[in-house]
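Below is one structure, written out as structure tokens; comments come after it.
Computed from a predicted model, the values in this text were never measured in an experiment.
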Amino acid sequence: MTQRHVWLAGATGVTGSLLLQDLLADPAVAGITTPGRRPPAGNDPRVVTVAFDALAQAPAPEAAFCCLGTTAKRAGTREAFIAVDHDLVLDFAKAAKAKGCRRFYLMTAVGADARSSTLYLGTKGRIEAAVAALGFDDLQIFRPSFLKAPRSESRYVEMLVSAVAPAIDPLLLGSLRRYRSIPAATVAAAMAAAARGPIRGSSILHYDEMVALAASGRAA
């Protein structure tokens, strides 16, 4: 069995922590580098946390996953938000590319558009374009809508969306299906499954594609 080393940015977040568990469940994954200020939960010896500026000394990744993201409220300023959701993501992607990584899996958000005047969607769209310009052989961009998952902090808007999503989701048909809420565990499973599959070039995955990919990975 081929042993793989992977990188995972955002391993302490909602989706990233679930993706970490999926990767640790894969017997082919021999090591995981998680850049950040604090290590993820657990004490698996395969997981090593380093500073972002120390990635050049980390083992070369066969694949790199990025679930980094914050909110404008949490960041505090426009500049601080961009520093995380664009600059830090791009630094991570560049570090992976410099180590010879061919596969990159990026989580952004439904509606991401570099031309958008909104801070969140515009920044997500611009980082998609910036990472695409690096030329990874396999670049899969995952664009979930509202993520369904237990959270350590309760936020009013998220509690409201969670309450109405079961009624709203079935009404989102056709091209609107991409806006359906989706379990964070499904997004994580889809990202893990993508890395186990063939080189696909570059593509963007929304609700239906993520659900199908996650199911294919669980059935494998």
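Interatomic distance, Phe65 CZ to Leu20 CG, rounded to the nearest 0.5 Å: 10.5 Å. Between the NE2 atom of His206 and the OG atom of Ser175 there is a distance of 10.5 Å, given to the nearest 0.5 Å. Rounded to the nearest 0.5 angstrom, Thr123 OG1 and Asp87 CG are separated by 9.5 Å. Here Leu8 contributes atom CG and Ile32 contributes atom CD1; the two are 7.0 Å apart, rounded to the nearest 0.5 Å. We find the CG-CZ distance between Leu23 and Arg46 to be 9.5 Å, quoted to the nearest 0.5 Å.
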Evaluate the side chain to side chain contact (heavy atoms under 4.5 Å, CB included) criterion for residues Leu68 and Leu88: first the C-alpha distance (whole Å), next the side-chain angles of each, then the deciding distance (0.1 Å), finally the verdict.
CA-CA 8 Å; Leu68 282 172; Leu88 195 57; 4.1 Å; yes

Pair Leu90-His86, side chain to side chain contact (heavy atoms under 4.5 Å, CB included): steps then yes or no
CA-CA 6 Å; Leu90 184 56; His86 183 280; 4.1 Å; yes

Where do Arg38 and Thr49 land on the side chain to side chain contact (heavy atoms under 4.5 Å, CB included) test, with the steps shown first?
CA-CA 7 Å; Arg38 58 189 174 92; Thr49 301; over 6 Å; no

Run the numbers on Asp26 and Arg4 for salt bridge (charged side-chain N to carboxylate O under 4.0 Å, His left out), then give the verdict.
CA-CA 10 Å; Asp26 185 345; Arg4 306 163 60 215; 3.4 Å; yes

Evaluate Leu173 against Leu171 for side chain to side chain contact (heavy atoms under 4.5 Å, CB included), listing each step before the verdict.
CA-CA 6 Å; Leu173 303 173; Leu171 303 178; over 6 Å; no

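Taking the six-membered ring for Trp and thresholds of 30 and 60 degrees, Trp7 and Phe92 have ring planes inclined between 30 and 60 degrees apart.
Ile204 approaches Glu128 most closely through the heavy-atom pair CD1-OE1, 4.5 Å. The two residues Ala190 and Ala214 come nearest to each other via the heavy atoms N-CB, 3.8 Å. Thr33 approaches Pro35 most closely through the heavy-atom pair O-CD, 3.5 Å. Taking both residues in full, the closest heavy atoms of Ala149 and Ala184 are given as CB-CB, 3.8 Å, listed atom of the first, atom of the second, then distance. When every heavy atom of Ala112 is checked against every heavy atom of Thr108, the shortest pair comes out as CB-OG1, 4.3 Å. In plain terms, the two heavy atoms of Phe142 and Pro144 that are nearest each other are O-CD, 3.1 Å.
Remark: side-chain polar atoms of Arg177 are not paired, donor with acceptor, to backbone N or O of Leu172 under 3.5 angstrom. Without hydrogens or angle criteria, Thr186 side chain to Ile182 main chain gives no donor-acceptor distance under 3.5 Å. Looking at Arg103, its side chain does come within 3.5 Å of a backbone N or O of Ala195 through a donor-acceptor pair. Not one N or O on the side chain of Asp113 forms a donor-acceptor pair closer than 3.5 Å with the backbone of Gly122. Put simply, the side chain of Gln21 never gets that close to the backbone of Leu18: no donor and acceptor are under 3.5 Å apart. Without hydrogens or angle criteria, Arg178 side chain to Arg143 main chain gives no donor-acceptor distance under 3.5 Å.
Annotation: cation-pi geometry not satisfied between Lys97 and Phe104 (NZ/CZ under 6.0 angstrom from ring centroid, within 45° of ring axis).
Inter-residue side-chain proximity for Leu106 and Gln140 is flagged as unmet; no heavy-atom pair is nearer than 4.5 Å. Inter-residue side-chain proximity for Cys67 and Met191 is flagged as met; some heavy-atom pair is nearer than 4.5 Å. The shortest distance between side-chain heavy atoms of Glu62 and His5 does not fall below 4.5 Å. Put simply, the side chain of Ser145 does not reach to within 4.5 Å of the side chain of Ser181, judged on heavy atoms. Side-chain atoms of Val187 and Leu147, non-hydrogen and from C-beta on, do get closer than 4.5 Å to each other. Contact check for Phe81 versus Tyr120: side-chain heavy atoms found under the 4.5 Å cut-off. Between Val47 and Thr34 the shortest side-chain heavy-atom distance falls below 4.5 Å. Within the 4.5 Å cutoff, no side-chain heavy atoms of Ser17 are placed close to those of Thr12.
Within the structure, the salt bridge (Lys or Arg N to Asp or Glu O under 4.0 Å) test picks out no pair touching residues 14-23 (sequence neighbours left out).
Hydrophobic clustering of Ile, Leu, Val, Met, Phe, Trp and Tyr side chains at less than 4.5 Å, counting indirect connections, unites Ile168 with Val110. Linking ILVMFWY side-chain heavy atoms closer than 4.5 Å, directly or via other members, places Ile141 and Leu205 in two distinct hydrophobic clusters. With hydrophobic clusters built from ILVMFWY side chains whose heavy atoms lie under 4.5 angstrom apart, Leu139 does not share a cluster with Leu19. In the hydrophobic clustering of this structure, Met107 does not group with Phe52; members are Ile, Leu, Val, Met, Phe, Trp, Tyr whose side-chain heavy atoms approach within less than 4.5 Å, directly or through other members.
Asp138 and Tyr105 form a side-chain donor-acceptor contact under 3.5 Å, judged by distance and modelled atom types alone.
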Tell me which donor-acceptor pairs under 3.5 Å the side chains of residues 53-60 have, and how far apart each pair is, sequence neighbours excluded?
none

